[in-house]
Amino acid sequence: MSERDDEKREFDLRWADGAEHKEPSARARMLAARWKDNPPGPVPFRAGPEHRGSSGRSSWMSTALVLGCVAAVIVLLGYVNSRPY
């Protein structure tokens, strides 16, 4: 390719980027068609405290469970490495 072809190609990209109308994506068209008859209702930015976790466990309980599992793996690996073959 010569430099002249590169310049022509850059001009084409600038021309395309400067176009006034850009076609929406397929997803945008699909959502627009779906919402035309049945628009979505308002959704809060963040869920309230009653929607925060599906289980009844608190965050400190989950943290303790993860740390306990990590400690058990460390102990298990130490036991396996200390055994004579």
Side-chain angles (χ1 to χ4, degrees):
M1 243 188 209
S2 67
E3 287 184 30
R4 185 172 184 170
D5 291 337
D6 289 341
E7 289 174 9
K8 188 175 181 181
R9 184 175 179 192
E10 286 180 24
F11 175 77
D12 289 342
L13 290 175
R14 278 185 270 145
W15 174 80
D17 288 339
E20 289 183 30
H21 181 279
K22 292 186 180 182
E23 184 176 340
S25 67
R27 178 164 174 77
R29 291 191 308 265
M30 178 200 63
L31 290 175
R34 182 185 300 172
W35 291 345
K36 189 177 196 179
D37 299 327
N38 189 12
V43 178
F45 180 69
R46 294 186 187 266
E50 66 275 355
H51 297 294
R52 276 204 184 147
S54 58
S55 68
R57 264 189 254 146
S58 64
S59 64
W60 70 267
M61 189 69 152
S62 297
T63 303
L65 180 67
V66 169
L67 291 177
C69 290
V70 169
V73 168
I74 290 172
V75 168
L76 180 65
L77 289 175
Y79 173 74
V80 169
N81 287 335
S82 68
R83 286 188 352 193
Y85 293 104

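Along the sequence shown, residues carry numbers from 1. This one's a predicted model, so the numbers in the text were calculated from it and none came from an experiment.
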Quick check: is M30 connected to W35 through a chain of hydrophobic side chains (ILVMFWY, heavy atoms under 4.5 Å apart)? yes
Report the residue from V80, V75, V73 that forms a side-chain contact (heavy atoms from CB on, under 4.5 Å) with L77. V73
Atom CG of L67 and atom OG of S62: how far apart are they, to the nearest 0.5 Å? 11.0 Å
Just verifying a value: how many Å separate R34 CZ and N38 CG, rounded to the nearest 0.5 Å? 9.5 Å
About how many Å separate CG of L76 and SG of C69, when rounded to the nearest 0.5 Å? 12.0 Å
